[in-house]
Amino acid sequence: MKLLVINGPNLNFLGIREKAVYGTENYEYLVDRLMSKAKAEGHELEVYQSNCEGEIIDRIQEAYRTKVGGIIINPGAYTHYSYAIRDALASVDIPKIEVHISNVHRREEFRHISVTAPACTGQIVGLGLTGYELAMDWLTKNAQAADR
Ligand code: DQA
C-alpha cells in the first residue's frame, strides 16, 4: 500500500524543541522508524515535512494525483486554525489519520480545537511517536488501496 506521512511546522525540530513535551528523539529517528516499519511490512511510504501551509496543501493534492492509499498527518500548530489545510484534506477521498505526539487536550486551551480533524477519518493523540505507527497499522488494515 502507498502511504504518505505529512508533518507540519516545527516537527523537524523534534529532539530540539520542548523535549519534556515531544521527547528527546529527533526527526531523523522518527523518519527511520517509520520507513523501517513500512519496508518490513511491504508498504511504500513517503515521509514529508514542511513549515509552510501552501506546501502542505500542494502535497495533499499531489497525494490524490499519485493515488496514495492513506495519509497520516500531523499539521502541528496549523491543526488549530488552518481552514485551508482542512479544506485540502476534505477535498481528497483518501483515508486520513490525524496524529499528535502530545495530548493536546491536556495542554493550553487553543490546542483543544482541531479544525483539521473533522476532515480526517480518525485522530490519535498523546501516544508519542507510536501514534504514527498505530495510524499506519490502522490504514494498512482498514483502508482500501486507492483505485481511482
Ligand atoms: C502537535 C501539537 C500542536 O499543538 C503543536 O503546535 C505541534 C505539535 C503534537 O504533535 O503534539 O507542533 O501537533
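Just so you know, ligand 1 is whichever comes first in the structure, and atom 1 is the first atom listed for that ligand.
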Pairs under 3.5 Å, N/O atoms on ligand 1 and on the protein: can you put them in a table with the distances?
residue  : atom   : partner : partner atom : Å
ligand 1 : 4 (O)  : H80     : NE2          : 2.7
ligand 1 : 4 (O)  : R111    : NH1          : 2.8
ligand 1 : 6 (O)  : A77     : N            : 3.1
ligand 1 : 6 (O)  : R111    : NH1          : 3.1
ligand 1 : 10 (O) : N74     : ND2          : 2.8
ligand 1 : 10 (O) : I101    : N            : 2.8
ligand 1 : 11 (O) : I101    : N            : 3.2
ligand 1 : 11 (O) : S102    : N            : 2.9
ligand 1 : 11 (O) : S102    : OG           : 2.6
ligand 1 : 12 (O) : R17     : NH1          : 3.1
ligand 1 : 12 (O) : R17     : NH2          : 3.1
ligand 1 : 13 (O) : N74     : OD1          : 2.8
ligand 1 : 13 (O) : H100    : ND1          : 2.8

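Taking the side chain as every heavy atom from C-beta outward, I85 and I57 approach each other to under 4.5 Å. Put simply, the side chain of W138 does not reach to within 4.5 Å of the side chain of I124, judged on heavy atoms.
By the 4.5 Å side-chain criterion applied to Ile, Leu, Val, Met, Phe, Trp and Tyr, Y83 is assigned to a cluster that also includes I113, V115.
The stretch residues 96-135 participates, sequence neighbours left out, in these ring pair (Phe, Tyr, Trp, His ring centres under 6.0 Å) pairs: H80-F110.
Among V31, I97, I72, the one residue that satisfies the side chain to side chain contact (heavy atoms under 4.5 Å, CB included) test with V5 is I72.
Here E55 pairs with S50 under the side chain to side chain donor-acceptor pair (under 3.5 Å) rule; sequence neighbours left out.
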